[in-house]
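To keep things clear, I will list the structure first and then write my remarks on it.
Residue numbering restarts at 1 for every chain, and letters A, B, ... go by the order of the sequence lines. On a predicted model such as this, the values are computed, not experimentally measured, just so you know.
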Amino acid sequence: MEKLSNKKKGYDPKEIEEKYRKYWEEQKIYKFNPDSKKKIYSIDTPPPYASAGHLHVGHGLSYTQFEIIARIMRLMGREVYFPPGFDDNGLPTEKYVEEKLGISKSKTNRAEFRKICLEESKKVEKIYVENVFKKLGHSYDWDLLYTTISPEAQRVSQESFIKLVKKGDCYRGEEPTIWCSFHETALAQAEVEDLERTTKLNYIDFDVASNSKENKKLTIATTRPEFLPACVGIFVSPEDERYKDWIGKELIVPLFNHKVKIMEDKKVDKDFGTGIVMICTFGDSTDIEWWKEYKLDLKSVLNLDGTFNSLGGKYEGLKVEEAKKEILKDLDKEGRLKKQESLNQTVGSCWRCSTPVEYIVTKQWFIKTLDYKEDLIKRGNEIKWYPEFMKARFENWTKNLKWNWTISRQRYYGVPIPAWYCESCNEIIIAKESEIPIDPLEAEKNCPSCGKIATPDSDVFDTWMTSSNSPEVASRWLENPELYKKISPMSLRPQSHDIIRTWAFYTILKSHLLFNRIPWKDITINTFVLDSSGKGMSKSKGNAIWVDDLIDKYGVDAFRYWVSSATLGKDLPFNEKELIAGKRFLTKLWNVSNFIFMNLEDYNYKKPKKLEKIDEYMLQTLAYNTNKIKSLYLNYNISGARELIDNLFWNIFANDYLEIIKRRIYNETGDKKASAQYVLHQSLLTILKIMSPITCFITEEIYQTYFKKIEGDKSIHISKWPEFKKELIEQTKELQGKGNLFREVLSKVRQEKTNAKKSMNSEIILTLSKEDLEMLEEMKEDFASVTNSKEIKEGKFKVEFI
RNA sequence: GAACCCGUAGUCUAAUGGUAGAACACCUCGUUUACACCGAGGAUACCCAAGUUCGAUUCUUGGCGGGUUCACCA
């Protein structure tokens with residue numbers, strides 16, 4: 001009879017993990033079969049940025065969380081489409097390459113730079129695959145691997161662009177754009193983060209243009225005096241008595257001497273500063289609103305790198321901050337700087353480099369979002385959100401959108417924008433669908449109107465342009481339309497809450513615009529791991545705990561056990577102690593299995609004609625709980641399911657049932673023994689299966705050691721979920737009553753023994769009430785055996801020691 | 001400023017309109033045929049206030065505290 005290995009040492013995960021990693025890969029256990037008759041369950045996997053070789057527990061948890069779901073669905077009989085992916089496209093990769101190799105994009109040509117990025121990505125991806133995903137036992141179908149910079153992904157991205165341009169939802173415009181002067185690129189609203197800082201509010205005197213009034217000066221408070229050359233208007237509140245007579249008059253902008261008109265607008269807060277606002281193109285986003293509303297002049301003073309252009313006069317060439325200093329100095333010299341106040345402000349900044357963003361008018365490509373707010377919210381409602389309340393984040397964001405989505409980026413490493421422009425007739429030429437993927441820099445086009453050579457677009461797409469089509473990339477939209485049709489819309493998008501406004505939003509948008517439907521049926525928002533003091537974990541903060549270290553110390557299954565205790569959408573402070581519980585579980589399961597196998601040596605795999613009562617009770621309880629666990633699993637409630645499994649396995653099965661049948665198995669023969677053996681066999685197999693999505697290694701090892709030859713499945717992970725007959729699942733009141741009473745009275749007896757400081761198998765004479773005795777009549781032998789009662793009498797409950 | 005989430009034993013977490021179930025830690029006792037990485041048992045908890053209710057930790061409102069997201073000012 002086989003024994004589990006390492007009996008003396010207890011459970012040693014290392015060897016077992018190694019063994020099955022190899023086995024699963026060789027046997028292609030997780031291979032997707034497109035011809036399967038089973039219902040498909042498809043996952044729109046989050047492709048990680050391939051820009052670091054480690055994974056901290058936060059990422060480890062979230063990736064494992066939905067990996068468990070993949071395993072659950074496989075067990076439920078679904079054909080699971082679970083493709084791994086890498087996001088190796090765009091700014092994060094560029095930044096990584098620039099930092100790691102000390103190269104700047106401005107000093108390298110695009111082709112060269114792209115080549116380096118691609119090579120670096122491949123290296124990091126390899127580390128990820130081997131050291132992270134495979135190590136953690138993740139059950140991807142590796143044949144389905146995709147990357148967002150691959151020609152296929154580029155094709156999807158460009159195709160979606162072409163379709164949307166044709167549809168009129170994507171346009172090129174010259175508009176104020178959110179701009180990062182460090183990265184020298186346009187940004188989307190979603191890429192802007194708050195930056196709190198202290199700044200100075202400067203009170204500056206403006207002269208009045210005509211001398212008709214006795215008052216010759218007005219004082220204006222501004223945080224951005226450097227924008228004086230771009231000043232195009234002055235606003236006051238219509239409710240402000242102080243300036244009533246000033247409306248319509250003109251002021252002379254200090255240092256630059258151009259005239260600007262004073263106008264009124266309700267949005268002006270008369271209590272801020274002096275109650276006068278100067279509008280510049282563009283100091284902030286409200287400037288843009290007023291500029292648009294009142295059709296003011298455009299005076300662009302900034303170059304794309306954040307320096308002043310010729311409009312800045314003597315300040316030309318200076319950076320914004322330097323210009324500000326100089327201008328303030330000069331204002332002070334002229335006696336115009338009346339006072340300066342300290343002010344706390346929050347400015348938008350680039351999420352990658354924290355440089356405060358500027359607003360610069362440039363030619364960019366946009367996808368319409370503002371026209372579709374309501375439609376998108378409707379789409380959001382068609383999707384099932386886990387947890388439900390996370391939908392509010394999506395709705396909030398969608399409702400409050402102020403900008404169309406800027407999709408062009410003045411960067412190198414990304415999907416090229418497949419467009420050319422004719423300088424002489426302003427024609428825009430878009431690539432044909434048959435040509436993509438294409439890089440316009442490497443393909444010459446002539447203008448269809450005038451025949452001249454058109455200028456290629458040198459920009460690339462925002463990375464979300466590709467990521468928002470992850471369902472299409474992952475399911476081979478253009479490559480394999482038949483497959484795509486089969487698995488779309490996808491079943492699940494698992495992701496984290498911080499990118500609801502980007503990834504979830506853009507994906508829903510794209511799906512709505514391109515296909516007029518939702519991209520997936522369910523979305524799960526994974527648990528967000530904090531450090532033990534409740535702070536977000538990151539490499540830069542230095543509080544990250546790495547998955548490698550943990551699995552070295554505790555093993556993958558213990559880590560996965562910890563993952564299974566997390567609730568979707570909630571924060572979870574990391575506590576290393578929690579992994580001890582996982583380790584404990586593994587040891588227990590290991591020992592229980594050893595015990596059972598020892599006692600199944602003479603088992604003939606046949607169900608005896610009649611089961612003992614307590615065995616039947618165990619079987620019912622098993623069936624009932626398994627069924628409950630199934631519905632929890634199907635609702636992605638992994639922690640709920642795990643709790644039930646723990647109770648079923650540890651308390652009911654190991655601590656009670658095993659103790660109850662122990663002596664019967666040792667001493668009896670025939671059906672009495674076989675009855676227990678049958679239930680042991682069923683119970684262990686069931687427990688292994690329902691636990692296999694979580695602790696995938698140990699359950700496989702135990703399955704392979706004993707059950708495989710009987711059950712026949714190559715792996716527990718492609719076996720079938722244990723289904724029970726209806727009468728077992730529904731339980732019978734009578735048997736449950738009796739079995740529960742059995743366990744209650746047993747507990748009472750144990751308590752008496754504890755109170756008397758006796759060991760659990762000390763011999764006793766037991767007295768039970770008449771009702772209890774009648775109830776337990778059919779299970780009397782087992783009861784006497786587990787309590788080690790030499791005699792059971794009728795009367796008032798009493799435990800006598802011999 | 002707004003929206004959303006959360007506030008349960010020392011720590012972390014679960015369920016629930018009838019005062020709470022685990023885990024880790026703690027205390028007591030126990031170990032001759034799976035397991036001391038164990039077994040039996042014990043102590044310890046629903047942020048505050050008002051309301052709805054026969055009854056609230058659970059529902060409503062307000063407050064306090066923590067978190068996330070969004071908006072913010074010239």
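Pairing of B:C26, defined by two Watson-Crick or G-U wobble distances under 3.5 Å, is identified with B:G42. In this structure, B:U19 makes no Watson-Crick or G-U wobble pair, since no nucleotide meets both defining distances under 3.5 angstrom. B:A3: Watson-Crick or G-U partner is B:U68, with both key distances under 3.5 Å.
Using a 4.0 Å heavy-atom cutoff across all strands shown, A:Phe389 reaches sugar-phosphate atoms only and no base atom.
With 3.5 Å as the limit, one finds no donor-acceptor pair spanning the side chains of A:Asn761 and A:Lys753. Using modelled atom types, one finds a donor on one side chain and an acceptor on the other under 3.5 Å when comparing A:Tyr554 with A:Glu576. Defined by atom type and a distance below 3.5 Å, a donor-acceptor pair is present between the side-chain atoms of A:Asn202 and A:Gln340.
Shown here are the side-chain contact (heavy atoms from CB on, under 4.5 Å) partners of A:Asn396, two or more places apart in sequence or in another chain: A:Asn400. Applying the side-chain contact (heavy atoms from CB on, under 4.5 Å) criterion to A:Ser496, with sequence neighbours excluded, gives A:Asp498, A:Ile499, A:Asn526.
A donor and an acceptor atom sit less than 3.5 Å apart, one in the side chain of A:Glu659 and one in the base of B:A34. Interface remark: the A:Lys588 side chain does form a donor-acceptor pair with the B:C35 base, using a distance-only criterion of under 3.5 Å.
Stacking here means ring centres nearer than 5.5 Å and ring planes tilted less than 30 degrees, and by that measure A:Tyr666 stacks onto B:U33.
Each of A:Ala581 and A:Glu643 lies near RNA chain B, and the nucleotide nearest A:Glu643 is the one positioned closer to the 5' end.
Contact check on A:Asp287 versus A:Arg224 returns no salt bridge, with no Lys/Arg side-chain nitrogen under 4.0 Å from an Asp/Glu carboxylate oxygen.
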I'd like a list of close polar pairs between nucleotides 69-72 of chain B and the protein, N/O only, cut-off under 3.5 Å.
residue, atom, partner, partner atom, Å
B:C70, OP1, A:Arg501, NE, 2.7
B:C70, OP1, A:Arg501, NH1, 2.2
B:C70, OP1, A:Arg501, NH2, 3.1
B:A71, OP1, A:Gln189, NE2, 3.2
B:C72, N4, A:Thr346, OG1, 2.6

